[in-house]
Amino acid sequence: MGRLGQAILLLDLAVCIYGVVASIYGARTHRTDWVDSGRRAVYALAALSVIAFAVLEVAFLRNDFSFKVVADTSSTTIPTFYKLTAPWSSQQGSLLLWVTLSSIWSSLVLFVTRRRLRDIAPYATAVLLGMAGFFAALASFSANPFDTTSPAMTPSQGAGLDPLLMHPSMMFHPPMLYSGYTLMAIPFAFAIGALISGNLGSEWIRDTRRFALGAWLFLGVGIILGARWSYTELGWGGYWGWDAVENAALMPWLMITAFIHSIQIQEKRGMLKVWNVSLVLTAGTLAIFGTFLVRSGVLDSIHAFGASTLGVPFVILLGIMFFGSIGLVLWRRESLKTEHRIDSLLSREAMFLLQNLVLVAMVFVIFWITLFPLISEAITGTKVSVGPPAFTPFVVPLAIVLVLLAGIGPMISWRRATVSNLRKHFVFPVSFGLLVTLLLILFTDADRKPFALVMFGAASFLIASVAQEMYRGTSARRAMTRDFWPVAFVALIRRNRRRYGGYIAHLGLAVLMIGVAASSSFQHSRNATLRPGQSVSVDGNIFHYVRPTAVVTSEKISFGAVIDVTKNGKQVALLHTDQGFYPSTNTAQDGIIGRFFDSANADSTIGLDAGPLRDIWTVAAANLQPLLPLINKGNKLFADDYNATLKQVLKLPKSEQSNALNSDLTKSDYWVYRDAAVQDIANQYTKHAYPIQFLLIISPLVSWLWVGAIILAIGGLIAMWPAPLAIRRRSLSVYRSRVAREIS
Amino acid sequence: MDPNRKRAIRLTVALTAALLLASALIYVSFSAGRDELTAKQLLNRAHPGGQYILAGTVVDGSVRYEGSTLVFSVRDPHSPATATVRYTGVVPDPFAPGRAVMVNVTDSSGTFVGQQNSLTTKCPSKYQTAAGATD
């Protein structure tokens with residue numbers, strides 16, 4: 001199986017090389033047979049990569065520990081669900097996943113455009129295959145997922161998957177991120193193709209728009225799943241830490257967000273060609289830069305991507321992408337010029353451009369602060385970290401402007417807004433935003449956090465503007481069809497999915513931003529060390545530590561706490577939080593009993609009471625210190641017994657020793673006594689009132705963040721979804737006539 | 001107004017705004033930043049009351065609790081130097097001997113006191129072999 005996988009990987013690489021050569025040769029000589037062959041190389045790559053990935057999955061499912069990657073990241077005891085996800089927890093497996101997803105998305109776009117973009121597609125094919133080939137080469141020569149050990153060296157058990165990764169979000173988070181990154185390569189590749197071929201109209205943008213939206217959607221969903229995982233699994237109570245790896249995903253997402261907005265200006269008015277090409281090239285480069293940050297270990301991050309040998313190849317690839325992009329844009333700068341100019345700053349195109357500038361400014365800020373330790377080290381010789389507080393003074397005001405622009409942009413007229421246009425569209429949303437702000441000042445303490453207050457006002461303005469547009473659109477539809485409101489509303493969205501999908505996404509953004517502003521500005525948290533029966537107050541809520549718990553299963557030992565939360569004498573939640581200890585495989589270091597209480601293999605299950613207005617979040621750090629004497633005693637007793645048995649067994653011929661040892665230990669009920677000892681030690685935890693350290697948090701409106709993200713994703717999905725054929729034909733004819741006008 | 005002049009003014013305003021943003025960013029980065037030090041650098045440079053970010057690997061066998069205070073030593077990757085930290089607050093799940101950590105510390109008369117809830121631990125799960133893996 002391992003050899004099959006290795007052979008497929010090499011075949012992948014060969015197919016990539018062939019495809020690059022065939023596509024470029026076909027494009028230069030105008031030989032369609034070579035171009036078609038290059039495209040078919042992408043299909044072949046997809047088929048081969050899927051087979052290779054299936055081979056790896058089968059190895060995980062069969063617990064085939066002759067595969068090094070299976071031995072390192074899986075074991076017989078982890079649930080099947082997580083065995084399926086384990087491949088992408090390793091460097092090797094994740095590289096293969098990258099190649100697989102990249103080839104699938106590339107096949108899809110090349111199939112869709114097989115009869116169009118004939119001058120651009122071959123170059124795009126070469127770029128896509130070149131990038132896939134890069135990852136296939138890494139997987140083949142630097143981090144091969146099919147490396148195997150000899151049968152004699154194959155372990156009987158694997159090291160297991162890190163408990164932190166055994167979370168439902170982790171099943172989907174990496175594939176979503178990788179899908180986003182790999183989809184980002186598609187508009188990048190077509191932009192390169194357009195620049196090389198000189199066909200710089202809007203056609204390539206129209207054909208790859210859905211893939212750009214797909215990249216935006218998948219990357220966004222991946223980011224949110226990561227945030228959810230952080231909130232519910234990492235035990236620190238936050239969902240975003242401005243960690244280098246989080247930022248690595250956020251930067252291309254912001255850039256592609258700018259792109260999917262600004263392409264509308266190119267499509268509608270033929271403007272911003274240089275800007276759009278630059279945005280998409282930067283987004284593609286940032287996607288690879290993010291991957292480089294994740295895998296090279298150049299920056300300290302709470303995610304560990306230990307130093308690896310992959311840094312240099314990534315730097316070379318980034319250099320080619322960066323300087324190649326600049327070179328191509330400079331080469332085609334004359335063709336990218338537009339005759340149209342922005343007529344007025346009070347116009348939709350000006351607002352879109354301003355929104356783009358805000359997004360790019362955000363990317364610049366995040367890029368600078370994230371890389372500042374490296375920059376400062378290069379200048380001063382010392383790494384200087386600025387940390388999360390440095391982001392706030394820049395990103396928060398920019399985010400407020402962004403939310404305001406999301407409301408203004410869709411309502412303001414193209415070319416030049418008139419006073420009557422402004423009055424017609426802005427009176428209600430502005431009044432609503434101001435009213436909400438006023439009410440918050442009068443009836444809450446929101447004014448003690450001015451940025452949050454302004455964000456609430458801006459988000460209310462955005463919600464009102466979306467509601468107004470939806471209402472007007474539905475009313476107009478009803479006037480024509482006399483449908484019921486819900487029918488007219490659905491029909492309205494169906495007929496103009498791109499526009500109304502965008503509005504729904506804006507609505508999601510508003511809800512998400514309210515959640516972020518409230519939960520980050522008005523959170524109350526407290527660290528407390530409590531014994532059973534003791535209580536502590538957080539923001540008027542009384543947290544009462546009722547009793548400790550200990551549960552022993554074959555998978556892990558969980559030590560937890562039951563917490564009763566009351567407010568004004570009434571119970572608001574009864575929470576249970578625990579810390580699960582998974583047995584380590586290092587018996588020599590941890591001991592026969594101690595391996596079941598290894599804090600290096602622990603994960604927390606938070607106690608969470610989530611509501612529409614607030615989350616009550618708790619986590620407890622199990623205090624095993626009082627159990628240490630018992631654990632050490634157990635280690636010694638069982639080691640003595642084990643060694644005594646071993647001594648007898650060593651007298652036997654070498655070939656019989658292993659089986660004899662297991663048999664003797666089983667016969668003497670050694671394992672039964674060991675399990676009983678572990679159970680007894682765990683029970684001690686509940687019999688004594690040991691003090692436990694808690695982190696207790698009351699966070700307002702966290703649920704709004706998750707709900708906002710879901711609405712945002714639904715909006716993106718609607719905008720992506722192809723319109724009914726009849727409408728598509730009509731828009732296509734409108735589009736063609738516009739292109740014809742532009743050309744003439 | 002002449003459209004070219006109008007465009008020139010817009011460009012000047014945009015460039016000025018970008019310049020101001022960049023200047024503020026550079027100023028904040030250098031003024032609000034803290035030195036991220038290895039154990040050896042910390043031992044050499046620390047002075048009482050100074051605040052630093054200590055980065056390194058938790059030394060095997062150095063982790064213990066004194067009441068609710070976590071005491072552990074951090075090793076310099078390039079030298080045998082170690083710095084001992086006394087920390088109270090949230091201990092991330094991945095924290096363990098042999099793993100890379102970052103913690104904000106204050107030099108309190110020769111003792112490095114970790115700032116509450118500032119301890120971050122690199123997740124060992126991705127792209128490297130699980131710690132302590134044996135056959």
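Numbers restart at 1 for each chain; the letters A, B, ... are given by sequence-line order, proteins then strands.
Using a 4.5 Å cut-off between heavy atoms, A:Glu233 contacts chain B through its backbone alone, with no side-chain atom that close. With a threshold of 4.5 angstrom between heavy atoms, B:Ala24 approaches chain A through its backbone and through its side chain. Using a 4.5 Å cut-off between heavy atoms, B:Phe30 touches chain A through backbone and side chain atoms alike. Within the 4.5 angstrom heavy-atom criterion, no atom of A:Leu628 approaches chain B. Both the backbone and the side chain of B:Leu21 have a heavy atom closer than 4.5 Å to some heavy atom of chain A. Only the side chain of A:Thr529 comes within contact range of chain B, with heavy atoms under 4.5 Å apart.
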task: For B:Gln116 and A:Asn527, run side chain to side chain contact (heavy atoms under 4.5 Å, CB included): C-alpha distance rounded to whole Å, both residues' side-chain angles, the deciding distance at 0.1 Å, then the answer.
output: CA-CA 9 Å; B:Gln116 195 173 49; A:Asn527 284 95; 3.5 Å; yes
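Expressed to the nearest 0.5 Å, how far CG of B:Leu25 lies from CD1 of A:Ile369 amounts to 5.0 Å. Distance check: B:Ser29 OG to A:Phe394 CZ gives 6.5 Å after rounding to the nearest 0.5 Å. Residue B:Ile26 holds its CD1 atom at 8.5 Å from CZ of A:Phe372, rounded to the nearest 0.5 Å.
Taking every heavy atom of both residues into account, A:Ala390 and B:Val28 meet most closely at CB-CG1, 4.4 Å.
Residue with the most contacts toward chain B among A:Ile692, A:Thr154, A:Leu345: A:Leu345 (heavy-atom pairs, distance under 4.5 Å).
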